[in-house]
J.: 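Quick one: this structure, given as structure tokens, is what I'll be asking you about.
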Amino acid sequence: MLAATSGTAQGGGVLGPHAARCSGSGPAILVSVVGLKSRTGMIRVRTFGGAPSKWFDKKSWIDRVELPTPATGPIRICMPVPAPGSYAVDLRHDVNGNGNTDRSDGGGASGNPRVTLLDFVFGRKPSPKVTAVTVGRGVTEITITAMYLSGGALRPAAAR
């Protein structure tokens, strides 16, 4: 399972419509997004719960937050969850903000699983053993590194 820090969100502004939920009341996941190749377009974060076999299915998310990519500063998005338990989170960076998935777009998931282009072609989802986030009664903090297509694999922007 993904190691996460539980506690109250400290420092830096928290983004999204549920920002107040990460002030300590929880349960919630505070997602820090790192590794963006640009500060353009839109960021989308979704949470998944229930059966791990349904995690990352297109229509099985619990909550979805989409917002313009901030030009500067940390990107920390609060995602409420209904109760303590095991969840997964995914991220999409729509670089040009057109709402379509393009080759320039990036993405990631809780646990920062290694994903290849073939995983997408064959519809393989990352393992729940890697992506699971255990949430208690408070706020659980995680970091997702955005990955971008480079040479047939998804890599952090710095490794391109």
Side-chain angles (χ1 to χ4, degrees), residues 1-36 41-70 73-94 99 101 105-149 153-157:
M1 289 219 196
L2 173 68
T5 305
S6 185
T8 301
Q10 301 284 334
V14 176
L15 305 172
H18 311 295
R21 185 80 170 264
C22 283
S23 66
S25 60
I29 302 170
L30 180 58
V31 180
S32 291
V33 179
V34 298
L36 296 179
M42 301 291 286
I43 297 284
R44 181 196 72 203
V45 178
R46 300 182 300 179
T47 51
F48 299 86
S53 63
K54 298 283 188 187
W55 290 355
F56 307 113
D57 286 354
K58 280 189 174 188
K59 303 220 178 194
S60 67
W61 46 268
I62 297 170
D63 202 350
R64 172 185 163 139
V65 170
E66 192 165 357
L67 50 101
T69 305
I75 300 173
R76 302 172 69 210
I77 303 167
C78 186
M79 301 298 294
V81 294
S86 190
Y87 298 90
V89 180
D90 77 357
L91 159 78
R92 177 172 171 236
H93 180 206
D94 182 3
T101 301
D105 292 344
S110 46
N112 295 305
R114 186 178 189 287
V115 180
T116 68
L117 183 59
L118 290 177
D119 292 328
F120 284 103
V121 170
F122 292 111
R124 296 186 292 232
K125 298 185 235 177
S127 168
K129 292 178 183 175
V130 174
T131 58
V133 178
T134 301
V135 178
R137 297 193 192 300
V139 178
T140 300
E141 297 184 32
I142 67 168
T143 298
I144 297 178
T145 302
M147 308 289 265
Y148 299 87
L149 185 62
L154 292 175
R155 295 188 170 92

J.: Between Val31 and Leu91, is the side chain to side chain contact (heavy atoms under 4.5 Å, CB included) condition met? List the steps.
T.: CA-CA 9 Å; Val31 180; Leu91 159 78; over 6 Å; no

J.: Which atoms form the tightest heavy-atom contact between Ser60 and Lys54, and what is the distance?
T.: OG-O, 2.7 Å

J.: When Met79 is tested against each of Thr140, Val45, Val135 for side-chain contact (heavy atoms from CB on, under 4.5 Å), which residue passes?
T.: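 Result: among Thr140, Val45, Val135, Val45 is the only option passing the side-chain contact (heavy atoms from CB on, under 4.5 Å) with Met79.
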
J.: Is any side-chain heavy atom of Pro126 closer than 4.5 Å to a side-chain heavy atom of Arg114?
T.: no

J.: What closest approach, in Å, do Ala146 and Leu36 show between heavy atoms, and which atom pair accounts for it?
T.: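 In terms of heavy atoms, the two residues are closest at CB-CD2, 3.8 Å.
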
J.: Please find the pair of heavy atoms, one from Thr131 and one from Ala109, that lie closest to each other, and give the distance.
T.: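 Where Thr131 meets Ala109 most closely, the heavy atoms are CG2-CB, 4.4 Å.
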
J.: Once the angle between the rings of Phe48 and Phe56 is folded into 0 to 90°, is it parallel (under 30°), tilted (30 to 60°) or perpendicular (over 60°)?
T.: tilted

J.: Test side chain to side chain contact (heavy atoms under 4.5 Å, CB included) on Met42 and Arg44 and set out the steps.
T.: CA-CA 7 Å; Met42 301 291 286; Arg44 181 196 72 203; over 6 Å; no

J.: One thing to verify: whether Arg92 and Asp90 come together as a salt bridge, which I'm taking to mean a side-chain N less than 4.0 angstrom from a carboxylate O.
T.: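 No.
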
J.: Checking side-chain contact (heavy atoms from CB on, under 4.5 Å) between Val65 and each of Thr47, Ile43, Ile77, Leu15, which is the one that passes?
T.: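 Exactly one candidate clears the test, Ile77.
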
J.: Please report the shortest heavy-atom distance between Ser53 and Lys125, naming the atom on each side.
T.: O-NZ, 2.5 Å

J.: How long is the gap from OG on Ser110 to CD1 on Ile142, to the nearest 0.5 Å?
T.: 5.0 Å

J.: Which heavy-atom pair separates Val81 from Tyr87 by the least distance, and what is that distance?
T.: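 Closest approach of Val81 to Tyr87, heavy atoms only: CB-CZ, 3.6 Å.
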
J.: Would you compute the distance between atom SG of Cys78 and atom CD of Glu141 and round it to the nearest 0.5 angstrom?
T.: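 Interatomic distance, Cys78 SG to Glu141 CD, rounded to 0.5 Å: 10.0 Å.
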
J.: What are the two closest non-hydrogen atoms of Val14 and Cys22, and how far apart are they?
T.: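 What the structure gives for the nearest pair is CG1-CB, 4.4 Å.
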
J.: Can you tell me if Asn112 uses its side chain to pair, donor with acceptor, with the backbone of Thr145 under 3.5 Å?
T.: yes

J.: By the definition side-chain contact (heavy atoms from CB on, under 4.5 Å), identify the one residue from Val139, Asp63, Val89 that meets it with Ile29.
T.: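 Testing each of Val139, Asp63, Val89 against Ile29, the sole residue satisfying side-chain contact (heavy atoms from CB on, under 4.5 Å) is Val89.
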
J.: Hey, what do you get for NE2 (His93) to CE (Met147), rounding to the nearest 0.5 Å?
T.: 15.0 Å

